[in-house]
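Heads up, the thing below is written out as structure tokens.
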2 protein chains.
Amino acid sequence: MKQETRKEEIVRVAAKLFKEKGYSAVSMRDLASAMGMRAASLYNHINSKQDILKEIIISIAELFTKGMNEILASDRSNIEKLKHIIELHVTISSQNANGMASLNNDWMHLEDQLVYYMELRHNYEDNFRAILKNGIESNEIRGSKPEIMLFSMLSTLRSLYLWIPKKEDLNPKELSATLNEILINGISK
Amino acid sequence: MKQETRKEEIVRVAAKLFKEKGYSAVSMRDLASAMGMRAASLYNHINSKQDILKEIIISIAELFTKGMNEILASDRSNIEKLKHIIELHVTISSQNANGMASLNNDWMHLEDQLVYYMELRHNYEDNFRAILKNGIESNEIRGSKPEIMLFSMLSTLRSLYLWIPKKEDLNPKELSATLNEILINGISK
DNA sequence: CATGCAAACTAACGATTGTTAGTTTTTTAA
DNA sequence: TTAAAAAACTAACAATCGTTAGTTTGCATG
């Protein structure tokens with residue numbers, strides 16, 4: 001069990017505050033107060049407020065990219081791939097619920113890394129869409145509007161961070177299974 | 001065709017800016033600049049920055065409450081009621097796409113009206129959940145997890161504001177029908 | 001006990017925040 | 001044409017913003 005560094009602790013606490021009020025509404029003095037120190041002391045560990053946001057968002061975005069690449073590389077049916085995408089979102093959202101808030105709502109405040117983030121997100125959505133289209137072509141998936149399916153599934157999966165922390169008794173396996181039932185069986189023949 | 005007042009124009013332009021960067025990151029000088037005036041001049045028409053947020057969010061929240069009450073009062077099956085809820089979201093999101101961003105992401109910055117807003121939202125969700133539960137009891141709806149169904153449907157419907165403006169060629173009727181197919185037929189027997 | 005470093009501190013900076021007071025310009029109505 | 005009302009303006013306020021400089025504290029290692 002690796003001990004978390006002071007910097008990691010700051011980023012973790014910042015993510016929690018950012019979830020509650022949004023990145024822009026949290027001051028460095030708010031964050032320092034939550035850490036039990038003065039604002040200036042934060043700068044012994046981090047470079048800037050922006051840098052904290054970058055740490056939060058980019059690390060999670062890269063988790064999604066990594067997960068998607070593994071799913072794409074696997075030799076499974078398209079329906080099976082969708083099932084694994086759902087599991088990917090449930091897993092990441094369970095472990096980074098606070099950070100997911102920044103990723104969803106504060107990505108536009110990235111500056112140097114904005115283009116990089118948008119590229120990751122764009123590629124992720126492209127890959128997701130391709131799986132849906134392939135599934136329709138191969139008759140695994142019913143329906144003719146992959147764009148709306150993508151939107152609907154992603155909306156649910158991206159909102160998991162709001163909902164998971166309120167159901168502490170819920171285990172990820174069971175949630176994945178239920179979401180799979182609702183999201184996948186709903187569009188498959 | 002009623003001409004919009006200067007105040008209404010300010011609120012409309014503010015909603016657009018709030019969607020792009022979030023309430024906290026938009027300054028009164030940003031808003032004034034977008035209106036082609038000085039920040040101090042805004043105060044001839046509005047009381048405070050907070051007040052603009054209130055106008056945006058509460059008016060939309062009351063549209064949802066009104067729509068839900070009409071659906072509850074109607075004499076329809078639970079499945080039909082869900083279909084009308086979807087239409088309600090599509091209609092409101094089409095006509096208030098920018099405002100929906102504030103409602104979803106900046107409601108926590110309401111101060112005086114925070115309790116009122118949360119009450120409206122809570123009641124809305126309660127009514128939505130009740131329709132799902134009744135539908136399950138009366139065998140209209142398949143499945144045993146109304147809470148996850150509610151979460152999934154609401155996530156999609158609340159995200160419509162992000163997606164509708166990107167598809168200008170799409171008409172609300174057709175979108176409602178497609179969402180109905182994906183969201184409702186997916187969970188009905 | 002002494003040294004060095006990590007991590008806290010105080011104090012302050014220039015910029016920006018929402019907002020007010022008081023004044024001038026523009027539009028409306030008699 | 002003139003008076004009133006609406007809507008813009010300039011200037012400034014106290015508060016807060018992210019951040020830097022320089023200093024002190026506490027702990028680990030020699």
Side-chain angles (χ1 to χ4, degrees), chain A residues 2-58 99 101-102 105-114, chain B residues 1-58 101-102 105-114:
Chain A
K2 185 169 153 289
Q3 182 84 3
E4 82 178 335
T5 67
R6 203 79 166 122
K7 174 176 178 177
E8 287 165 346
E9 187 183 358
I10 290 172
V11 171
R12 177 173 55 79
V13 170
K16 185 184 172 197
L17 298 186
F18 293 168
K19 181 187 179 184
E20 288 166 6
K21 305 201 297 173
Y23 171 75
S24 303
V26 175
S27 72
M28 294 302 277
R29 285 165 182 84
D30 290 337
L31 175 55
S33 174
M35 286 292 299
M37 61 173 69
R38 300 291 190 153
S41 306
L42 294 168
Y43 289 82
N44 283 317
H45 307 280
I46 54 102
N47 297 321
S48 64
K49 189 186 179 189
Q50 285 257 2
D51 222 48
I52 298 174
L53 187 67
K54 181 203 81 177
E55 296 272 343
I56 294 170
I57 293 180
I58 299 296
S102 296
N105 303 320
D106 286 319
W107 57 268
M108 72 287 284
H109 299 117
L110 290 171
E111 290 184 358
D112 293 350
Q113 297 79 15
L114 179 58
Chain B
M1 183 133 121
K2 186 169 153 289
Q3 181 85 359
E4 83 178 334
T5 66
R6 202 79 167 124
K7 174 175 177 177
E8 286 164 346
E9 189 184 356
I10 290 172
V11 171
R12 176 173 55 79
V13 170
K16 184 185 173 195
L17 298 186
F18 292 168
K19 181 188 180 185
E20 287 165 7
K21 306 202 298 174
Y23 171 76
S24 302
V26 176
S27 72
M28 294 303 277
R29 285 165 183 83
D30 290 337
L31 175 54
S33 175
M35 286 293 299
M37 61 172 70
R38 301 290 191 155
S41 305
L42 294 168
Y43 289 84
N44 283 318
H45 307 279
I46 53 101
N47 296 321
S48 65
K49 189 187 180 188
Q50 285 258 0
D51 222 49
I52 297 174
L53 187 68
K54 181 203 81 178
E55 297 272 344
I56 294 170
I57 294 181
I58 298 297
S102 297
N105 303 321
D106 287 319
W107 57 268
M108 71 286 283
H109 299 117
L110 290 170
E111 291 184 356
D112 294 350
Q113 297 80 16
L114 179 58

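Worth saying up front: this structure is predicted, and the values here are computed from it rather than measured.
- Rounded to whole Å, the distance from CG on B:Asp51 to P on C:dT20 is 12 Å.
- Minimum heavy-atom separation, B:Leu53 to B:Ser102: CD1-CB, 4.1 Å.
- Of all heavy-atom pairs spanning A:Val13 and A:Ala34, the tightest one is CG1-CB, 3.8 Å.
- Panel note: side chain A:His45, backbone A:Glu8; no donor-acceptor pair is recorded below 3.5 Å.
- Sequence neighbours left out, the pairs with a member in residues 46-58 of chain A that pass side-chain hydrogen bond (donor to acceptor under 3.5 Å, both in side chains) are A:Lys7-A:Glu55, A:Asn47-A:Asp51, A:Gln50-A:Glu111.
- Counting only heavy atoms from C-beta outward, the side chains of B:Ile46 and B:Met28 approach each other to under 4.5 Å.
- Under the side-chain hydrogen bond (donor to acceptor under 3.5 Å, both in side chains) criterion, B:Arg6 pairs with B:Glu9, not counting sequence neighbours.
- In the set C:dT19, C:dT20, C:dA8, the nucleotide with an atom closest to the side chain of B:Ala40 is C:dT20.
- When every heavy atom of A:Leu17 is checked against every heavy atom of A:Val26, the shortest pair comes out as O-CG2, 3.5 Å.
- Each side-chain hydrogen bond (donor to acceptor under 3.5 Å, both in side chains) pair with one or both residues in residues 31-44 of chain A, not counting sequence neighbours, would appear here, but there are none.
- With a heavy-atom cut-off of 4.0 Å to chain A, the contacted part of DNA chain D has its first and last nucleotide at D:dC17 to D:dA21.
- For the pair A:His45 NE2 and C:dA7 P, the interatomic distance rounds to 5 Å; values are reported in whole Å.
- Mapping A:Asn44 and B:Asn44 onto DNA chain C via the closest heavy atom, the residue that lands nearer the 5' end is A:Asn44.
- Here the shortest heavy-atom pairing between A:Trp107 and A:Leu114 reads O-CD1, 3.6 Å.
- Between A:Ile57 and A:Gln113, the closest side-chain pair of non-hydrogen atoms is not below 4.5 Å.
- Taking 4.5 Å as the limit, every side-chain heavy atom of A:Ile52 sits out of range of all side-chain heavy atoms of A:Leu42.
- Taking atom CD1 of residue B:Ile10 and atom P of nucleotide C:dT19, one finds them 13 Å apart after rounding to whole Å.
- Between the NZ atom of B:Lys49 and the C1' atom of C:dT20 there is a distance of 18 Å, given to the nearest Å.
- Residue B:Leu31 contributes atom CG, which lies 16 Å from atom C1' of C:dT16 at whole-angstrom precision.
- Regarding A:Leu42, its CG atom lies at a distance of 11 Å from the C1' atom of C:dA8, rounded to whole Å.
- Comparing A:Tyr43 and B:Met37 along DNA chain D, the residue whose closest nucleotide (by nearest heavy atom) sits nearer the 5' end is B:Met37.
- Of the residues in residues 21-30 of chain A, those with a non-hydrogen atom less than 4.0 angstrom from any atom of DNA chain D are A:Val26, A:Ser27, A:Met28, A:Arg29.
- Each end of the helix from C:dC1-D:dG30 to C:dA30-D:dT1 gets its own axis, taken as the rotation carrying the C1' atoms of four end pairs onto the next four within a five-pair window, and the two axes meet at 20° to the nearest 10 degrees.
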